[in-house]
Protein chains: 2
Amino acid sequence: MTRPDCRSKLMEVGTQLFAERGLNGVSIRELSHEAGASISMVSYYFGGKEGLYSAVLQEQFACFDQIGEIMEQHAGPVDKIEAYIRWTIQRHRNNPHLLRFYTSELTNPTTYFPRIVAPAIGKVIRILVKVVEEGIRERVFRQDAHAVNAVLALAGMVNYYFLSTLATEDLISHSPDQDEQLIHQYREIFTRGILASAP
Amino acid sequence: MTRPDCRSKLMEVGTQLFAERGLNGVSIRELSHEAGASISMVSYYFGGKEGLYSAVLQEQFACFDQIGEIMEQHAGPVDKIEAYIRWTIQRHRNNPHLLRFYTSELTNPTTYFPRIVAPAIGKVIRILVKVVEEGIRERVFRQDAHAVNAVLALAGMVNYYFLSTLATEDLISHSPDQDEQLIHQYREIFTRGILASAP
DNA sequence: AATTGCAAATCGAACGTTCGTTTGAAGTCA
DNA sequence: TGACTTCAAACGAACGTTCGATTTGCAATT
């Protein structure tokens, strides 16, 4: 049997608490107590409270590196859009904390925003903009579409859904089946809208 | 000449600082100093730091009461959707702080979330769901549309746009003209999608 | 018109608490 | 033994609040 591993336990508890209440909403006293460790362990392993937060943030946003490969596995703008939706939904399912760090850093940026968060988000947005521009060029998407606005709309649609569930968790139960429905719904709204007839 | 009015000055500075850094990111020492008042004034007028935050929050979310009248001034689902988009955009233009309180409370709710924030958001969502359901019933919207998901998608689209501008304010300059373009874009994406041809 | 009286407003100091960090000693394992 | 962990205690700083004293604004009184 392995040791309880104080360091990773601090990461685990830090992730949970920082996600729920933000950097300033958590004291290292409560955090270390929750982890069953002494207060000094945070400074010992991470150089301080902010160091732990920084480590947690880096771990949370590491998955954004995948987006490049994910996109390459699909051809054509519409398929890539669906791939992005699917990837985002699975990301939120696999890690329910990520969205909190995401929006919390967007809304009230810490000093780590420029180094960790902004590049991660920027990378995804930039790739998606290229996808939409590709779609416009190939005349799959409308010629009057504004690529940046469209991408922000898409990202907003998908992320905001989960943001809503954070506050009203009772509203939406989830199963793999319902996720497929959700993916379908959002792809349809983004590509075809919700009008019954074509203009 | 009127008095500097310590109380309203505290509200003003409190709005600014709480929006930027959240409830726990601001000390009443810094806040009162910024307002040119003594530390004790916060407790005197608002009963404490949390009292000031609560007052600011209530003021910020008061505008959500308008949504009912706004909707009644428009007939038909599509027009009502556009009215919502326009109302939301103008709300963010008139008050650049609101969105930060909005997402901050969604992500890391304070004790005031259930009393102030949730009812305000819930009211808007509920009204929009009725609009979409009306549209489905009247066969203006697609029969397979999921009303709640559609509304969350719409709200996400519009709000997320401004959330993005919070982090990268350089990206998007704004003028009334560009706002009209934005309203048009988002209404089109929501109702018609961005596909070049109808399916 | 000037003076008085009083409640509201404002202040700076002080309080007790909690914060994040540091420290030196004790424990653990190879 | 020696390097790595862990701990409890202590530190100074910052926190939000309270308190008594002072100032201010205005209505009542002279």
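Excluded from the calculations below are hydrogen atoms, water molecules and symmetry mates; all remaining heavy atoms, backbone and side chain alike, are included.
- Ring orientation note: the planes of Phe190(A) and Phe141(A) are nearly perpendicular, at an angle over 60° on the 30°/60° scale.
- If you take CE of Met41(B) and P of dG12(C), they are 10 Å apart, rounded to a whole angstrom.
- When rounded to the nearest whole Å, the span between CD1 of Ile39(B) and C1' of dA9(C) equals 16 Å.
- At the phosphate of dT5(D), OP1 or OP2 sits under 4.0 Å from a side-chain N or O atom of Tyr44(A).
- A cation-pi contact, defined as under 6.0 Å to the ring centre and within 45° of the axis, is absent between Arg86(B) and Tyr186(B).
- Spacing between atom NZ of Lys49(A) and atom P of dT21(C) amounts to 8 Å, rounded to whole angstrom units.
- Rounded to whole Å, atom C1' of dT21(C) lies 15 Å from atom CG of Leu31(A).
- One can place CG of Leu23(B) at 12 Å from C1' of dG16(D), the figure rounded to the nearest angstrom.
- For a distance-only test at 3.5 Å, the side chain of Ser40(B) qualifies as a donor-acceptor partner of the base of dG12(C).
- Under the 30°/60° scheme for interplanar angles, the aromatic rings of Phe101(B) and Tyr53(B) are found to be tilted.
- Within the structure, a side-chain polar atom (N or O) of Tyr45(A) is placed less than 4.0 Å from OP1 or OP2 of dT6(D).
- When the C1' atom of dA10(D) is taken as reference, atom CZ of Arg29(A) falls 10 Å away, rounded to whole Å.
- A sub-4.0 Å separation between OP1 or OP2 of dT6(D) and a side-chain N or O of Ser38(A) is absent.
- For Tyr160(B) and Tyr160(A), the ring centers are positioned 6.0 Å apart or more.
- To the nearest angstrom, C1' of dG16(D) lies 5 Å from CD1 of Ile28(B).
- Atom OH in Tyr53(A) sits about 20 Å away from atom C1' in dT21(C), given to the nearest Å.
- Contact annotation: Ser27(A) does not reach the phosphate of dT18(C) (side-chain N/O to OP1 or OP2, under 4.0 Å).
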